[in-house]
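Some notes on the structure that comes next.
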Amino acid sequence: MTGTDRPLVVSLLVGDGVLGAFGMGVAAEVFGYDHTRLGLPRFDFALVTDRPGIVRTDTGLSLYVEHDLSRLDVSDIVLVTAWEDLDDPVPDTVLDALRAVHARGGQLVSHCTGSFVLAATGLLDGRRATTHWRFAGEMAARFPAVDVDPRVLYVDEGRLITGAGTASGIDALLHLVRREWGAAAANCLAREMVVPPHRDGGQAQYIDTPVARCEDDLLGLVLDWARAHLAEDISVETLARRALMSPRSFARRFKATTGTTPHAWLLDQRLTAAESLLEESDAPVEEIARLVGFGTAAGFREQFARRRGVSPRAYRQTFRRSGPATLAPAEEPAA
């Protein structure tokens with residue numbers, strides 16, 4: 001990133017008077033220590049705010065930040081962590097300073113809702129970006145010119161990197177290290193931090209998607225039956241017969257009640273059941289595919305990877321609990 005011997009100046013922006021403690025810790029772990037023995041350059045790391053003085057963290061601690069925005073004039077990398085109050089407008093002085101960093105070739109990296117700050121500068125217009133999945137809809141609504149992707153852990157748009165929530169700040173910064181100083185340096189740093197140098201997949205595997213409630217008593221009974229018989233070949237016609245309705249009327253009632261289609265609902269139920277089996281049992285993928293109603297293991301792998309962003313094997317390695325549980329019969333619905 002630089003051909004000189006001077007340290008790279010890295011600044012962490014505290015823009016709204018509240019500092020995300022986790023994001024600060026990740027940034028300090030990467031840029032606050034001497035990692036030259038790992039193949040990284042020297043860094044000059046510090047916090048910056050538009051109003052120097054005492055700032056509080058989201059965990060209740062207080063820190064003194066001495067540097068004002070003038071430090072950004074000489075910063076090579078500027079990090080923007082979570083913006084605590086999304087209804088608090090970003091000061092024009094902060095936006096102008098970030099635009100100036102980008103204009104002279106500096107690197108901007110956001111983490112979690114810090115992406116809202118970068119979006120407010122206009123620099124993300126016409127580009128892909130991400131944020132915490134919980135706030136992706138809000139970001140897309142506020143900044144329609146930004147292509148918000150809630151599925152990924154980070155997005156690299158050259159001198160603009162946006163990371164998703166919490167631990168994905170680690171992924172984004174390790175990616176920056178890998179891109180700028182090589183895989184060997186990133187791998188060594190990851191070992192120092194005791195984290196994987198690269199995580200497969202995206203945010204989809206971490207989103208807890210609740211089953212839509214069904215207030216229709218008869219339809220609710222049909223859904224309960226379907227959850228208990230996922231291993232069977234369940235068609236819309238089968239469900240409609242159990243609901244004493246025509247397939248067309250059933251599909252219309254289903255969509256109005258649950259907000260989705262019977263096919264999409266069944267697919268989600270099968271994937272959710274597969275997740276539980278991957279976490280709690282030693283059943284091979286082929287058996288899990290059969291138990292949750294996928295025709296083949298290949299079809300199961302394809303759908304799981306497409307919808308969850310990782311392979312079943314990678315999911316199991318990530319979420320494996322301490323010790324396998326007894327594999328429950330497929331016909332017994334979860335309590």
Side-chain angles (χ1 to χ4, degrees), residues 1-16 18-52 55 57 63-83 90 93-115 117-118 121 123 154-163 166-182 184-190 192-193 195 197:
M1 187 172 285
T2 179
T4 68
D5 292 331
R6 71 170 178 83
L8 283 176
V9 180
V10 182
S11 296
L12 175 65
L13 177 65
V14 186
D16 60 350
V18 180
L19 175 61
F22 185 89
M24 179 190 66
V26 171
E29 183 70 27
V30 175
F31 299 112
Y33 292 95
D34 182 355
H35 291 310
T36 53
R37 62 185 175 82
L38 304 180
L40 293 174
R42 291 182 297 127
F43 298 114
D44 175 0
F45 175 73
L47 275 59
V48 169
T49 182
D50 59 336
R51 298 184 299 274
V55 300
T57 70
L63 296 172
Y64 181 77
V65 179
E66 62 177 305
H67 295 283
D68 61 20
L69 295 178
S70 63
R71 178 180 164 94
L72 299 189
D73 295 338
V74 295
S75 294
D76 300 287
I77 303 172
V78 176
L79 313 172
V80 185
T81 58
W83 193 261
V90 183
T93 53
V94 172
L95 297 178
D96 289 341
L98 293 174
R99 294 186 189 108
V101 171
H102 186 265
R104 60 176 173 76
Q107 178 76 51
L108 299 176
V109 183
S110 71
H111 167 236
C112 196
T113 50
S115 300
V117 179
L118 293 191
T121 67
L123 295 172
Y154 58 84
V155 171
D156 183 348
E157 285 280 355
R159 288 183 289 108
L160 294 162
I161 294 178
T162 52
T166 313
S168 61
I170 300 174
D171 299 283
L173 292 185
L174 284 176
H175 169 73
L176 175 63
V177 170
R178 186 183 306 110
R179 191 190 76 184
E180 295 295 330
W181 301 290
N187 292 343
C188 288
L189 179 58
E192 291 281 312
M193 298 172 67
V195 296

Step-by-step side chain to side chain contact (heavy atoms under 4.5 Å, CB included) determination, L176 to D156: CA-CA 9 Å; L176 175 63; D156 183 348; over 6 Å; no
Side chain to side chain contact (heavy atoms under 4.5 Å, CB included) between L108 and V80, intermediate numbers included: CA-CA 8 Å; L108 299 176; V80 185; 5.8 Å; no
Audit row: L174, V195, side chain to side chain contact (heavy atoms under 4.5 Å, CB included) steps and yes/no: CA-CA 10 Å; L174 284 176; V195 296; 3.9 Å; yes
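G163 approaches S115 most closely through the heavy-atom pair O-OG, 3.9 Å. C188 approaches L38 most closely through the heavy-atom pair CB-CD2, 4.0 Å. For the pair V101 and L72, the tightest heavy-atom approach, listed with the atom from each and the gap, is CG2-O, 3.5 Å. When every heavy atom of D68 is checked against every heavy atom of P52, the shortest pair comes out as CB-CG, 3.7 Å. Nearest heavy atom pair, residue R159 against residue G105, reads CD-O, 3.3 Å. Residues F43 and P7 approach most closely at C-CB, 4.1 Å, considering heavy atoms.
Here CD of E180 is found 11.0 Å from CG of L40. Values are rounded to the nearest 0.5 Å. Separation of atoms CG (L8) and CD (Q107) is listed at 11.0 Å; rounding is to 0.5 Å. Distance check: R71 CZ to L12 CG gives 10.0 Å after rounding to the nearest 0.5 Å. For the atom pair CD of E157 and CG of L118, the computed distance is 12.0 Å after rounding to the nearest 0.5 Å.
Using a 4.5 Å heavy-atom threshold, the side chains of H102 and T121 count as separate. A heavy-atom distance below 4.5 Å is not found between the side chains of V10 and D76.
Of the possible donor and acceptor atoms, one in the side chain of H35 sits under 3.5 Å from a partner among the backbone N and O of E29. Side-chain atoms of R104 come within 3.5 Å of backbone N or O of D73 as a donor-acceptor pair. Checking side-chain atoms of H111 against main-chain N and O of T166 turns up a donor-acceptor pair under 3.5 Å. Side-chain N or O atoms of T36 include none that pairs as donor or acceptor with a backbone N or O of R42 at under 3.5 Å.
With L47 as reference, V65 is the one residue of V65, L13, L79 to meet the side-chain contact (heavy atoms from CB on, under 4.5 Å) rule.
In summary, the side chains of S110 and T162 do not present any donor paired with an acceptor at a separation below 3.5 Å, with no hydrogens or angles considered.
The aromatic rings of F45 and F31 sit parallel, their planes meeting at an angle under 30°, below the 60° perpendicular limit.
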